[in-house]
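Scroll down for the structure; my scribbles are underneath it.
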Amino acid sequence: MFDLLYTLAHPGTYPGGVDRIGWLAALTGVDETELRQRWGEFEPVLESGAAGPGAHGRDPEIDWVATVSSDLGQPCSESMLRTIRADWDLTRRAALRSPHPSALSTLDGLRRRGLRVGVLSNTHAMEIRTWPESPLAGAADAVAFSHLIGHLKPEPAAYGAILSQLGAMSERSVFVGDGGSSELTGARNYGFALVVLAEEAPRTLAPHTLPELRRQAHTCVSDLSDIPALL
């Protein structure tokens, strides 16, 4: 079982080298610190699937932007909201369309050996709009996105959902992830036979987190192509 973003697909940054909130702050003129705090409060609601459609049928992500920017004295025009919707998570969309070849070859190799492959990810709808177009979609036997199943990693029900789809038992399963959202600890607590830290993303983006992430996993790999040898 694999995490999706920053494990199988590696998004880059927005133009200018900023993340989603930095990009939104620059577009809207809203204070970045305040915007980041508000997003931290809203994202778990969004990823659990609990955020319904906004005003005028807007996507909940866009309705959130409209509401927060207005609350903070920088209301967005409809034109600006359309621009934000068009470019929202463009880096994730690109990463899903063109994942690294080693991710695809790893999944293909595991399936050719008769192993079932699942994907479990904390997501919201707009960031994975290009999932149906991704080569990864055809390389997995089961997929569980948090906003669709109503449970986030590291909740036990999230792991249970994907294992149920796969018809698998945790004690005969392997979890592979970059360590975000306490997913490695959650997988160990759920009883996975092997919990693997995929080091590429934390090594590049947050190397200071590696010692703790390594403690949370049973083992680690520098590249997904190392996974088959572990099994």
* Leu90-Met126 co-clustered via ILVMFWY side chain contacts under 4.5 Å -> yes
* Do Glu78 and Arg58 sit within salt-bridge range, that is, some charged N less than 4.0 Å from a carboxylate O? -> yes
* Can you list every ring-ring contact (aromatic ring centres under 6.0 Å, His included) pair that touches residues 57-76, not counting sequence neighbours? -> Trp39-Trp64, Phe42-Trp64
* To do: Applying salt bridge (charged side-chain N to carboxylate O under 4.0 Å, His left out), name anything that partners Asp178, two or more places apart in sequence or on another chain.
  => none
* With the side chain counted from C-beta on, respond yes when Tyr159 and His151 share a heavy-atom pair under 4.5 Å apart, and no when they do not. => no
* Structure fact -> The side-chain hydrogen bond (donor to acceptor under 3.5 Å, both in side chains) partners of Glu61 (sequence neighbours excluded) come to His124
* Test side-chain contact (heavy atoms from CB on, under 4.5 Å) applied to Val176 and Leu224, Asp3, Leu230, Val195, the passing residue -> Leu224
* To do: Sequence neighbours left out, what passes salt bridge (charged side-chain N to carboxylate O under 4.0 Å, His left out) with Arg188? Give chain and number order.
  => none
* Only pairs at least two apart or in different chains count here, so list each salt bridge (Lys or Arg N to Asp or Glu O under 4.0 Å) that has a residue in residues 123-136. => Arg20-Glu127, Arg92-Glu127, Arg97-Glu133
* To do: State yes or no: do Leu148 and Leu8 share one hydrophobic cluster built from I, L, V, M, F, W and Y residues joined by side-chain heavy-atom distances below 4.5 Å, directly or via other members?
  => yes
* Under the salt bridge (charged side-chain N to carboxylate O under 4.0 Å, His left out) rule, collect the residues that match up with Asp108, sequence neighbours excluded. => Arg112
* Asked: Should Leu197 and Ile227 be counted in the same cluster of Ile, Leu, Val, Met, Phe, Trp and Tyr side chains packed under 4.5 Å apart?
  -> no
* Asp31 with Arg36: basic N within carboxylate O range, under 4.0 Å -> no
* In chain order, what residues pass the side-chain contact (heavy atoms from CB on, under 4.5 Å) check against Ser79, with sequence neighbours excluded? -> Ser77, Arg82
* **Listed once per pair and sorted, the salt bridge (Lys or Arg N to Asp or Glu O under 4.0 Å) pairs that draw on residues 156-176, sequence neighbours left out** => none
* Taking only residues two or more places apart in sequence, or in another chain, which ones meet Asp87 in a side-chain hydrogen bond (donor to acceptor under 3.5 Å, both in side chains)? -> none
* When clusters are formed by joining ILVMFWY residues with side-chain heavy atoms under 4.5 Å apart, either directly or through shared neighbours, do Ile62 and Tyr14 land in the same one? -> yes
* Structure fact -> Those residues at least two apart in sequence (or on a different chain) that pass ring-ring contact (aromatic ring centres under 6.0 Å, His included) with Phe145 are Trp131
* **Where at least one partner belongs to residues 218-231, residue pairs that pass salt bridge (Lys or Arg N to Asp or Glu O under 4.0 Å), sequence neighbours excluded** => none
* Who are the salt bridge (charged side-chain N to carboxylate O under 4.0 Å, His left out) partners of Asp71, not counting sequence neighbours? -> Arg38
